[in-house]
Structures are given as C-alpha cells and as structure tokens.
There are 2 protein chains.
Amino acid sequence: MSIDTPLTSILGIHHPILLAPMDVISGARLTAAVSNAGGFGILGGGYGDETWLERETAKLKQSTSARFGIGFITWSLARQPHLLDIALGTRPHAIMLSFGDPKPFARQIKDAGALLICQVQSEAMAEEALDAGADILVAQGTEAGGHGASRSTIDIVPAIVDLAAGHVPVVAAGGIGDGRGLAAALMLGAAGVLLGTRFYASLEADGAEEAKKRICAAKSGDTVRGIIFDMSRENVWPAPFTGRCLINDHARRWQGREVELLQTIKMVAAEYAAARADGNFDIAAVIAGEAVGVIHDIPEAAVIIDRIVTEADQLLLGRRNSAMALPA
Amino acid sequence: MSIDTPLTSILGIHHPILLAPMDVISGARLTAAVSNAGGFGILGGGYGDETWLERETAKLKQSTSARFGIGFITWSLARQPHLLDIALGTRPHAIMLSFGDPKPFARQIKDAGALLICQVQSEAMAEEALDAGADILVAQGTEAGGHGASRSTIDIVPAIVDLAAGHVPVVAAGGIGDGRGLAAALMLGAAGVLLGTRFYASLEADGAEEAKKRICAAKSGDTVRGIIFDMSRENVWPAPFTGRCLINDHARRWQGREVELLQTIKMVAAEYAAARADGNFDIAAVIAGEAVGVIHDIPEAAVIIDRIVTEADQLLLGRRNSAMALPA
C-alpha cells in the first residue's frame with residue numbers, strides 16, 4: 001500500500017512521513033532507520049556540535065543508501081555557518097531550517113543541489129521562507145514537542161496550505177502520532193507529516209531509556225508549553241518560541257513562577273544540569289509533544305511507519321466505502 | 001451526496017453537522033435553518049433568560065418540523081432548573097449540556113425522551129458525562145470560540161474517541177469551519193462536527209452585522225483565549241474555563257494585565273457595558289474561534305452546510321482515488 005502525495009514525489013520517498021530533526025535524539029541510527037523504511041530521516045543538527053555532526057554524518061553515510069536530510073536551528077546555525085559546509089559535504093537530499101530567517105543559507109543549500117525545507121509557525125514566516133526559495137514548508141502547531149509557537153495544528157496547517165496555494169508541498173507537524181493524525185493532516189491539505197515524539201519512543205532513537213518510558217506512560221494532556229526548561233538550562237529562545245515537554249516535578253514547581261525562577265536561576269540551573277547528567281527526569285525535561293497520548297510502546301522506526309501508513313490507508317478507504325454505501 | 005456516521009443515525013439527521021448553542025446568537029431562526037438544511041440545530045439556551053427561551057422555542061416550533069436540540073450552560077442551569085421544564089416542553093430531540101456536571105439533569109432529560117449531548121474538555125469530564133448517561137459526547141478543543149479549556153482539537157478528539165470506545169458517538173468541536181475540518185475530524189475518529197463561529201457568520205444568526213463582518217475580516221491567528229471579556233462583563237467562569245474572542249483594542253489593552261484590570265474593574269465594566277449596548281466592537285468582544293481563518297462570507301446556513309459536506313466528500317473521495325491510482 002502507498003499514500004502518494006506531492007511530498008513523496010518531490011523527495012522521492014515511499015511514505016509521506018518525515019523524522020523531526022530532534023537535537024541529540026535524531027542521530028544517524030534513527031535517521032537511517034526512517035529513511036530505510038521508506039520515510040525521510042532528518043538528522044538533528046540542532047544547536048550545532050561540530051564533533052557530533054562529523055561523527056553522525058559519517059555513521060549515516062555508512063548506514064543507508066537512501067535519501068536523508070539534515071536539520072538545523074537557524075538562529076544557532078547563523079553563529080557557526082561553517083557547519084552547513086560539513087552538512088552539505090555529506091550530500092543530503094535536503095536541509096531543514098527551523099526558527100529564524102532561512103535566506104542567508106538558501107543559496108548555498110540550493111547550489112549544493114539540496115532541497116530547502118523550512119519549518120514555520122505563522123503566515124509571515126511562511127512568506128519569508130517562500131521568498132528565500134523554500135521547496136517544502138513544515139507548518140508546525142503548538143502541540144509539537146520542543147520549540148514552537150502558539151497556533152494549533154488544525155488552524156496553522158490550512159492557513160499555510162492556503163498561502164502556499166499549490167506552489168510547494170506543506171507538511172503538518174504537532175500532535176500527530178498515529179494513522180488518524182496522518183489521515184487528518186492529509187484532509188487538512190497537508191502532503192505529509194513530520195513526527196518527533198512518536199520517533200523519540202523508538203528503538204533507534206538516541207534518547208535515555210527512562211525518557212522513552214515516560215513518553216509511553218504519559219497520557220494526552222500531560223505536556224506543557226513554556227520557558228521553564230529553557231530558563232533552567234540558561235538557554236531562553238527569542239520570542240515567539242517556547243518549548244513543550246512532559247509535565248514533571250520541575251515543571252509543576254516553576255510554571256507560572258518565571259520571575260521567581262529568574263531570581264534564583266544560578267542555583268536552579270546547577271541543580272538542573274546535575275539532573276540532566278544523572279538522567280533524573282523528575283527535574284530534567286523530557287522534551288515531548290501532545291502526541292504522547294497515542295504513544296504506548298517503543299518499537300523499531302520501521303514498525304511505526306508501517307503502522308501509521310496502514311492505519312491511515314484503512315481510515316481513508318473505510319470512510320469512503322461507508323459514505324458510498326449510502327443512498328446519495 | 002451523504003456522509004453517514006453513527007451521529008447521523010442516532011440523531012436521525014442527514015449531515016453530521018451540529019450548530020453550537022451560542023448564547024444569543026443561536027436563536028430560533030438559525031436553529032431552524034440548520035435543522036431544515038439537514039444538520040442539527042441546537043438553540044442557545046445559554047445563561048438562561050426565561051423570556052428569551054419562551055419566545056425562541058415558540059418561534060422554533062413554528063419554523064421547523066425537523067429535529068432540533070436546546071443547549072444550556074450546566075452551572076448556570078443549576079441556578080434555575082425550571083428552565084429545563086420549559087425546554088423539554090417543546091419536545092426537543094436532544095438537550096446539550098456544557099460546562100458542569102450533567103448528572104442532576106440527566107434523568108429528567110431521558111425520561112422526557114430526549115437524548116443527552118454532553119460537551120467535554122477532558123477525559124475526566126467525559127467519564128462524568130458517560131456516567132450520567134450521555135448519548136453523545138462533544139470533544140471541544142481550545143480553538144473553539146467562547147468558553148472552553150486548554151487542550152487542542154487534534155489532541156482531545158482522539159483521546160475522547162479512545163475513551164468512548166464505540167459506546168457513544170464523539171463530535172469534534174473547535175477550529176473547524178470548512179470541509180477540510182469535517183474530513184479531518186472524521187479521520188480523527190469523530191462522527192461529526194459542532195460548529196459555532198462558522199454559523200455565527202450566517203444570514204440567520206442573531207448577531208450584529210458588524211460582528212459578522214469582523215469574523216469575515218479576521219485572519220487565522222486573530223483570536224485570543226483568556227478571561228478579559230468575562231472580567232469586563234463581571235462574569236468570570238470557574239476554572240478551567242476561559243473564553244476565546246477576536247483580538248480587539250480591549251483585548252490588546254488588558255490581556256496579561258488581569259491584576260490591573262481587576263483593580264479598575266468598576267470603571268472598565270461600565271465602559272464595557274456601554275460598548276456592548278452601542279455595538280462598539282473595538283471594546284466589546286466578538287466571541288469567535290480560530291476557524292475565523294477559513295470564514296470569508298455571510299451566506300445562508302444551508303449554503304454553509306452544503307459547501308462543507310461537498311468539500312469533505314470530495315476530499316475523502318479524491319484522497320482515496322489518488323492513493324488507489326498508485327502501485328501498491
């Protein structure tokens with residue numbers, strides 16, 4: 001079975017499912033697993049650790065002959081633009097840029113023969129990305145794990161689809177973790193989905209086992225968006241970006257008390273850094289989105305993709321058959 | 001064409017589209033128009049103005065022989081339970097209760113032969129409603145206009161569908177205003193949709209022309225959820241309920257400054273009441289949800305329903321055909 005869309009065509013992939021380039025989590029192993037299974041793996045270049053990038057890109061080239069991408073946090077890449085040379089040197093099929101103006105990097109990416117994927121959270125950002133020559137837009141809803149903004153998936157996806165108006169494919173991100181989410185995204189006009197949290201809870205993700213277990217145990221509604229974990233690791237992002245994570249003791253303690261947190265930040269930051277080092281997720285954040293409600297296991301990435309595509313396909317077929325069975 | 005679901009079966013209606021019982025806006029005229037067009041109109045009993053309820057129910061019985069419902073704010077109905085006698089006296093096909101424990105009213109509703117529709121914003125509320133004997137659940141996302149809570153539609157709908165597990169149909173509400181939204185809701189497992197804002201901008205809605213025009217002019221993202229308009233009309237709701245409205249001068253002035261607003265509330269409340277009386281929507285709130293982004297005109301309710309069902313049907317058919325045209 002196959003769900004063909006403008007996204008699968010432009011990327012030359014089998015399933016309209018992209019791996020979110022999660023910092024630290026989306027390493028070579030997970031990226032290769034998603035691409036080998038017919039999706040599109042995107043390595044998490046994140047804030048840009050050069051040693052990590054050199055090592056993981058080398059591993060990635062060894063692990064797959066399938067197409068893959070590499071993602072960066074745009075405002076962070078701007079501080080060390082040479083990382084883009086390293087990334088393009090591995091001949092990725094696409095570079096994904098999120099959170100910042102993509103224009104300064106667009107020419108170099110396209111000259112290297114890679115596609116430019118831009119993640120956006122508003123119409124203004126989408127226009128900026130299209131101006132820069134984006135080949136694919138990712139419309140990210142507030143439901144997404146990690147950094148994002150305030151508009152919800154069911155609102156932002158049709159808005160960006162209307163703006164892109166058939167010029168480039170739009171990918172839906174935020175709160176999607178199963179075949180229902182993929183099918184719904186297609187109905188909203190998206191050409192595919194980008195999944196973070198669902199792939200975090202996979203065998204191949206480079207995340208702590210305890211973090212993956214907490215994602216499986218969390219129920220729908222057990223996440224929160226704010227700046228507590230950014231404050232606690234002394235890395236507050238520019239507006240309008242905030243971060244979503246599982247609600248834990250630390251989030252419960254500080255959410256809504258940002259001013260007090262700022263007043264004691266040195267002490268809390270030290271405590272937080274120690275918790276991260278120890279894998280103490282009562283304090284350190286498990287960065288995850290609202291899709292946790294539909295995530296209950298830690299399978300191989302290939303199983304996740306097969307399950308989502310099969311479910312979406314059956315939903316689309318079932319709905320149609322049920323509708324057609326009735327008198328018009 | 002027809003989209004048949006467990007919702008259309010249980011209500012005995014033609015299209016899986018319900019009118020949200022918007023206070024003041026969903027009068028007899030709009031309720032009859034939605035029901036006559038094959039949807040399910042639900043009269044907005046709201047806070048419970050007895051004179052209004054007597055007049056509108058009388059008009060409603062004259063305007064339609066189709067099935068309709070009547071909706072109440074549960075915590076408000078609890079203060080004047082005799083309004084339920086008036087409502088049931090008109091032999092509605094269903095009573096919809098939102099925002100509060102439905103149990104005290106469930107027996108009377110069912111004994112009168114009406115179905116019980118309960119709107120919920122969390123799993124706990126859904127369990128309470130099922131315990132009370134709800135026949136239909138409405139899962140309302142934070143994108144909805146007016147009162148609601150914090151979980152988003154793409155998150156809360158599958159969560160409530162999983163909880164209801166086939167026992168009762170689940171209706172999606174919040175951020176839905178076109179056929180894409182209906183098709184997406186069906187993919188998420190919903191059996192239909194409940195629309196407020198889309199029907200506010202209809203010919204038959206009992207709203208100010210200027211308010212309808214502002215809904216058409218608003219873009220996706222031009223709404224805000226908070227308690228500013230509740231504070232300004234001195235009617236703050238119990239947690240977790242807040243209200244969504246179009247962003248206007250008043251919202252811009254006070255959002256995030258609730259403490260200061262409370263300190264000057266008498267003066268502001270007088271100003272706000274005058275603005276409501278004058279139809280000054282720079283100050284008075286136009287209560288609307290995130291669906292404003294896909295709403296651009298003020299047609300008859302029947303046109304809205306036809307358009308949404310046609311678009312959803314084509315999307316479901318188109319996706320299926322496109323998928324089936326490919327090699328498996």
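Chain letters run A, B, ... following the sequence lines, proteins first, then strands; residues in each count from 1.
Comparing A:G175, A:G293, A:P158 by heavy-atom pairs within less than 4.5 Å of chain B, the highest count is held by A:P158.
For A:R225, there are no salt bridge (Lys or Arg N to Asp or Glu O under 4.0 Å) partners at least two apart in sequence or on another chain.
With a threshold of 4.5 angstrom between heavy atoms, B:E290 approaches chain A through its backbone and through its side chain. Residue contact with chain A, scored on non-hydrogen atoms closer than 4.5 Å, involves the side chain of B:I176 exclusively. For a residue to count as touching a neighbouring chain, one of its non-hydrogen atoms must lie under 4.5 Å from one of that chain's; by this rule A:V161 touches chain B with the side chain only.
Sorted by first and then second residue, the pairs that involve residues 160-175 of chain B and meet side-chain hydrogen bond (donor to acceptor under 3.5 Å, both in side chains), not counting sequence neighbours, are A:R180-B:D162.
Scanning residues 216-224 of chain A against chain B with a 4.5 Å heavy-atom cutoff picks out A:S220, A:G221, ordered by number. Residues from residues 149-157 of chain A that place a non-hydrogen atom less than 4.5 Å from a non-hydrogen atom of chain B comprise A:R151, A:S152, A:T153, A:I154, A:D155, given in numerical order.
Here CG of A:L316 is found 11.5 Å from CG of B:L317. Values are rounded to the nearest 0.5 Å.
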